[in-house]
Novice: 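Have a look at this one.
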Amino acid sequence: MIRHIFIGTFKEGVSNETEQQQLADMQAMKDKIPGIADLKVGLSTGWAGPTNQVVMTVDFCTKADFDVYMTHPYHTDYIGSVTADAYFDRSTFVSAQFEY
């Protein structure tokens, strides 16, 4: 299995309603992109770090499934959208993968 982890930060002043819509749009990747075994997304609890951070984990069975995800139009359109620029501080984006 491969786990992809994404962390990003909402810009200051983004409403709770907008944050929740963005989380729902990110969660929708599970149904729109083939090869995703599991996807979890939510706001950081703030126990260690800020509460306006989005944390997402995406699990794949194979590297090929991960490659599909990375190039799928729903994913690339979302991360390249004006919406993402309006709500997220791209300079905070961090992603990593590991096999387990």
Side-chain angles (χ1 to χ4, degrees):
M1 295 291 288
I2 297 164
R3 177 160 289 167
H4 170 66
I5 302 165
F6 166 79
I7 299 172
T9 305
F10 280 115
K11 291 181 177 179
E12 292 296 323
V14 173
S15 71
N16 185 21
E17 179 180 302
T18 297
E19 288 177 351
Q20 293 306 311
Q21 182 59 59
Q22 294 304 303
L23 294 175
D25 291 347
M26 293 169 80
Q27 183 65 47
M29 290 183 194
K30 185 168 187 324
D31 296 326
K32 297 183 180 288
I33 302 174
I36 295 176
D38 194 26
L39 186 150
K40 304 288 189 222
V41 64
L43 290 173
S44 172
T45 61
W47 298 333
T51 56
N52 63 336
Q53 285 184 320
V54 174
V55 180
M56 182 170 72
T57 61
V58 189
D59 294 335
F60 306 93
C61 293
T62 67
K63 171 71 165 59
D65 292 334
F66 172 74
D67 292 341
V68 167
Y69 166 80
M70 290 302 290
T71 60
H72 192 278
Y74 187 88
H75 181 248
T76 59
D77 289 352
Y78 181 79
I79 63 174
S81 71
V82 171
T83 300
D85 284 339
Y87 304 130
F88 290 98
D89 178 353
R90 286 185 182 272
S91 71
T92 66
F93 286 8
V94 175
S95 65
Q97 305 76 41
F98 66 93
E99 293 185 80
Y100 64 100

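Quantities reported herein were computed from a predicted structural model and do not represent experimental measurements.
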Novice: Nearest 0.5 angstrom please: E17 CD to Q22 CD, how far?
Specialist: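 If we round to the nearest 0.5 Å, E17:CD and Q22:CD are 11.0 Å apart.
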Novice: According to a 4.5 Å side-chain heavy-atom criterion applied to Ile, Leu, Val, Met, Phe, Trp and Tyr, with indirect links allowed, do M29 and V54 form part of one hydrophobic cluster?
Specialist: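 Yes, it is one cluster - the side chains of M29 and V54 are joined through contacts under 4.5 Å.
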Novice: With under 30° as parallel and over 60° as perpendicular, where do the rings of Y69 and F60 fit, or are they tilted in between?
Specialist: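 Ring orientation of Y69 relative to F60: tilted.
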Novice: Of all heavy-atom pairs between S44 and V55, which one has the smallest distance, and what is that distance?
Specialist: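 Closest heavy-atom pair between S44 and V55: CB-CG2, 4.4 Å.
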Novice: Which heavy atom of D25 sits nearest a heavy atom of Y74, and at what distance?
Specialist: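 Heavy atoms only, the tightest pair is O-OH, 2.8 Å.
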Novice: Yes or no on side-chain contact (heavy atoms from CB on, under 4.5 Å) for L43 and T51, after CA distance, side-chain angles and deciding distance?
Specialist: CA-CA 6 Å; L43 290 173; T51 56; over 6 Å; no
Novice: In Å and rounded to the nearest 0.5 Å, what is the CD to NZ distance from Q97 to K63?
Specialist: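 So the gap between those two atoms works out to 8.5 Å.
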Novice: When the ring planes of F88 and Y78 are compared, do they come out parallel, tilted or perpendicular, using 30° and 60° as the limits?
Specialist: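 The arrangement is perpendicular - the two ring planes meet at more than 60°.
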Novice: Can you give me the closest heavy-atom contact between A37 and C61, atom names plus distance?
Specialist: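 Shortest heavy-atom contact: CB-SG, 4.3 Å.
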Novice: Which residue, T62, D65, D59, forms the side-chain contact (heavy atoms from CB on, under 4.5 Å) with M1?
Specialist: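 Per the side-chain contact (heavy atoms from CB on, under 4.5 Å) rule, the option paired with M1 is D59, out of T62, D65, D59.
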Novice: Which heavy-atom pair separates L39 from I36 by the least distance, and what is that distance?
Specialist: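 Scanning both residues, the minimum pair turns out to be CB-CG2, 4.0 Å.
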Novice: Given the rule that I, L, V, M, F, W and Y join up when any side-chain heavy atoms are under 4.5 Å apart, are I7 and F66 in one cluster?
Specialist: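 Different clusters.
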Novice: Looking at H75 and M70, what are the two nearest heavy atoms and their distance?
Specialist: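 Smallest interatomic distance, heavy atoms only, reads ND1-O, 3.6 Å.
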Novice: Kindly indicate whether the side chain of N52, heavy atoms from C-beta on, has any atom under 4.5 Å from the side chain of E12.
Specialist: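 In contact.
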Novice: Minimum heavy-atom separation for R90 and S81, please, with both atom names.
Specialist: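 For R90 versus S81, the nearest heavy atoms are NH2-O, 3.8 Å.
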Novice: Is it true that D89 and K11 make a salt bridge, defined as a side-chain N closer than 4.0 Å to a carboxylate O?
Specialist: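 The answer is no: the pair does not qualify as a salt bridge.
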Novice: Measuring from atom CD of Q27 to atom NZ of K40, what distance do you get when rounded to the nearest 0.5 angstrom?
Specialist: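 One gets 7.0 Å once the value is rounded to the nearest 0.5 Å.
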Novice: Just by modelled atom types, is the T9 backbone N or O under 3.5 Å from a matching donor or acceptor in the T92 side chain?
Specialist: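 Pair found, side chain donor or acceptor close to backbone of T9.
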Novice: Please check if V41 and F93 belong to a single hydrophobic cluster, counting links between Ile, Leu, Val, Met, Phe, Trp and Tyr side chain heavy atoms closer than 4.5 Å.
Specialist: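 Yes.
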Novice: Would H72 and D77 count as a side-chain contact (heavy atoms from CB on, under 4.5 Å) here? Give the steps.
Specialist: CA-CA 8 Å; H72 192 278; D77 289 352; over 6 Å; no
